[in-house]
Amino acid sequence: MDMNIVCLDLEGVLVPEIWIAFAEASGIPELPRTTRDEPDYDKLMRWRLSVLKEHGLGLKEIQDVIAKIDPMPGAKAFLDALRAETQTVILSDTFEEFAMPLMKKLGWPTILCNSLEVAPDGEITGFKMRCQQSKLTTVKALQSIGYDTIASGDSYNDLGMIQASKAGFLFRSTDQIKADYPQIPAYETYDELLSAIRAAL
């Protein structure tokens, strides 16, 4: 019997993009940039932190916005169905401090992500990445301890784990990524994705 573990991206797959939601709520027009616009995540995060500092916004303000974000319609039911059949882990480049309110709404699935450095006054002063190329590195580590991985995500930083897995799928991705990687099956609904994962188990 194969030991499978499904690795899912978080933002854009199960929940809306957190920074885009925060940009809309805070009215800061520069903040919606994501890894779809800037592939260098380190550069992107440093830039985001400088924008927050300039506007005097800290962790509390971001968490207040995140508290109002709901998972995408159907996401929890999809995750519940998947977790009833196989081990599932969320691999994300977001931060524990952002993800926790959303994990509660999703029924506390396992998430491996990064962490923020926060000053006593709530200013976000930096961030700590769990490891380099965290999604691909984690998938390879899971494979090294006897798991077959099945992966799905929507963005450039998901391609490594998708291509390294025994089965991988794009979910609600961009037209550009779908055109650049026509060999990766792409789905738009949770029912389609669930069927594809079940077939790969």
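Keep in mind it's a predicted model, so treat the numbers as computed, not measured.
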Which pair of heavy atoms, one from [X] and one from [Y], lies closest together, and at what distance?
| X | Y | answer |
| --- | --- | --- |
| Asp154 | Ile177 | O-CD1, 3.6 Å |
| Asp93 | Ser134 | OD1-OG, 2.8 Å |
| Ser26 | Leu31 | OG-CD1, 4.4 Å |
| Val15 | Pro71 | CG1-CA, 4.0 Å |
| Leu10 | Ile90 | CB-CG2, 3.7 Å |
| Leu201 | Lys166 | C-NZ, 4.2 Å |

Handout entry: Check: Phe171 ring centre within less than 6.0 Å of Tyr187 ring centre
Key =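 No; Tyr187 has its ring centre 6.0 Å or more from that of Phe171.
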Practice task
Mark yes or no for whether Glu61, through its side chain, and Gly58, through its backbone, hold a donor-acceptor pair below 3.5 Å.
Solution key: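 Yes.
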Practice task
Measure from the side-chain N and O atoms of Lys104 to the backbone N and O of Ala99, and report whether any donor-acceptor pair falls under 3.5 Å.
Solution key: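 No: the side chain of Lys104 does not pair with the backbone of Ala99.
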Handout entry: Selection residues 132-141 - residue pairs positive for salt bridge (charged side-chain N to carboxylate O under 4.0 Å, His left out), sequence neighbours left out
Key =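 As it turns out, the salt bridge (charged side-chain N to carboxylate O under 4.0 Å, His left out) pairs with a partner in residues 132-141, which skip direct neighbours, are Asp9-Lys135, Lys135-Asp158.
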Handout entry: salt bridge (charged side-chain N to carboxylate O under 4.0 Å, His left out) contacts in which one or both residues fall within residues 110-126, not counting sequence neighbours
Key =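 Passing the test, one end in residues 110-126: Lys53-Glu123.
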Would you say [X] and [Y] make side-chain contact, with heavy atoms under 4.5 Å?
| X | Y | value |
| --- | --- | --- |
| Ile28 | Leu57 | yes |
| Ile111 | Met100 | yes |
| Val139 | Ser165 | yes |
| Met72 | Phe78 | no |
| Ser152 | Ile162 | no |
| Tyr156 | Gln176 | yes |
| Leu102 | Asp70 | no |
| Leu79 | Leu8 | yes |

Hey, could you give me the [atom1]/[atom2] distance between [X] and [Y], rounded to the nearest 0.5 Å?
| X | Y | atom1 | atom2 | value |
| --- | --- | --- | --- | --- |
| Phe95 | Ile18 | CZ | CD1 | 10.0 Å |
| Asp191 | Leu194 | CG | CG | 7.0 Å |
| Leu142 | Met3 | CG | CE | 11.0 Å |
| Ile197 | Leu82 | CD1 | CG | 5.0 Å |

Problem - Glu188/Lys178 salt bridge by N-O under 4.0 Å criterion - result: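 Looking at Lys178 and Glu188, the cut-off is met.
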Handout entry: Side-chain donor-acceptor pair present, Thr138, Arg130, cut-off under 3.5 Å
Key =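 Distance-only check passes for Thr138 and Arg130.
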Handout entry: Test item: side-chain donor near acceptor, Thr149 and Gln143, under 3.5 Å
Key =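 Indeed, the side chains of Thr149 and Gln143 share at least one donor-acceptor pair under 3.5 Å.
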Problem - Working for side-chain contact (heavy atoms from CB on, under 4.5 Å), residues Thr86 and Ile150 - result: CA-CA 11 Å; Thr86 186; Ile150 297 167; over 6 Å; no
Problem - Partner of Thr110 by side-chain contact (heavy atoms from CB on, under 4.5 Å), out of Thr88, Val89, Leu91 - result: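 When side-chain contact (heavy atoms from CB on, under 4.5 Å) is applied between Thr110 and each of Thr88, Val89, Leu91, only Val89 qualifies.
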Handout entry: Sole candidate of Phe127, Phe22, Trp19 that passes ring pair (Phe, Tyr, Trp, His ring centres under 6.0 Å) when paired with Phe98
Key =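 For Phe98, the ring pair (Phe, Tyr, Trp, His ring centres under 6.0 Å) test succeeds with only one of Phe127, Phe22, Trp19, which is Trp19.
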